[in-house]
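Structure first, commentary second.
One-based numbering, in listed order, for ligands and for the atoms of each. Only heavy atoms go into these numbers, but all of them, side chains included; no hydrogens, no water, no symmetry mates.
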Amino acid sequence: MLDHATSYLECELAGSMDVGTHTIFPGRVVDAEVVGDARPMTYEYYHRIKGGKSPKTAPTYAWTGRDEKKPEKEGKTMASYRCIICGYVYDPAEGDSASGIAPGTAFEDLPDSWVCPVCGAAKTEFEKA
Ligand code: FE
């Protein structure tokens with residue numbers, strides 16, 4: 001019974017990985033369905049509406065100084081871009097150290113092979129935040 005869900009994924013256990021602090025159980029999706037039309041409470045909603053914060057070192061950290069002027073570099077707007085899959089926001093002022101992207105790197109200058117550090121989505125799955 002899925003009274004308060006907007007969708008579900010049914011997965012078949014594909015193994016387990018001990019990653020030190022916890023165990024990851026990857027699953028092979030065998031079924032999925034959207035079962036409601038309510039707006040899901042996403043992590044992005046938690047940050048934007050509930051005022052939730054992430055530490056600066058977290059992959060989900062989002063620059064929140066929206067009233068401050070963003071830095072510009074070589075005529076580029078240095079705009080932030082949001083992953084439309086998971087809500088992660090790429091902030092050019094922060095870069096993506098886990099992927100070797102230096103602070104001050106415009107989204108447009110990210111290599112085409114760069115992917116969302118949270119969900120692995122391609123660069124084409126991002127929109128201006
Ligand atoms: Fe993502």
(request) Examine Phe107 together with Phe126 and report whether their ring centres are nearer than 6.0 Å. (result) yes

(message) Ignoring waters, how many N, O or S atoms from the protein are under 2.8 Å from the Fe ion (ligand 1)?
(response) 4

(request) Please list all pairs passing the side chain to side chain donor-acceptor pair (under 3.5 Å) test where one or both residues lie in residues 14-31, with sequence neighbours left out. (result) Tyr8-Asp31, Glu12-Arg28

(request) Could you pull out the closest heavy-atom pair between Lys128 and Ala79, with the gap in Å? (result) CE-CB, 3.8 Å

(message) With a 3.5 Å distance limit and no angle check, can you tell me whether Thr105 reaches the backbone of Ala102 through a side-chain donor-acceptor pair?
(response) yes

(request) For Lys123 and Leu110, indicate whether the former's side chain and the latter's backbone hold a donor-acceptor pair under 3.5 Å. (result) yes

(request) Answer with yes or no whether the hydrophobic clustering places Trp114 together with Val118; edges join I, L, V, M, F, W, Y residues whose side-chain heavy atoms lie under 4.5 Å apart. (result) yes

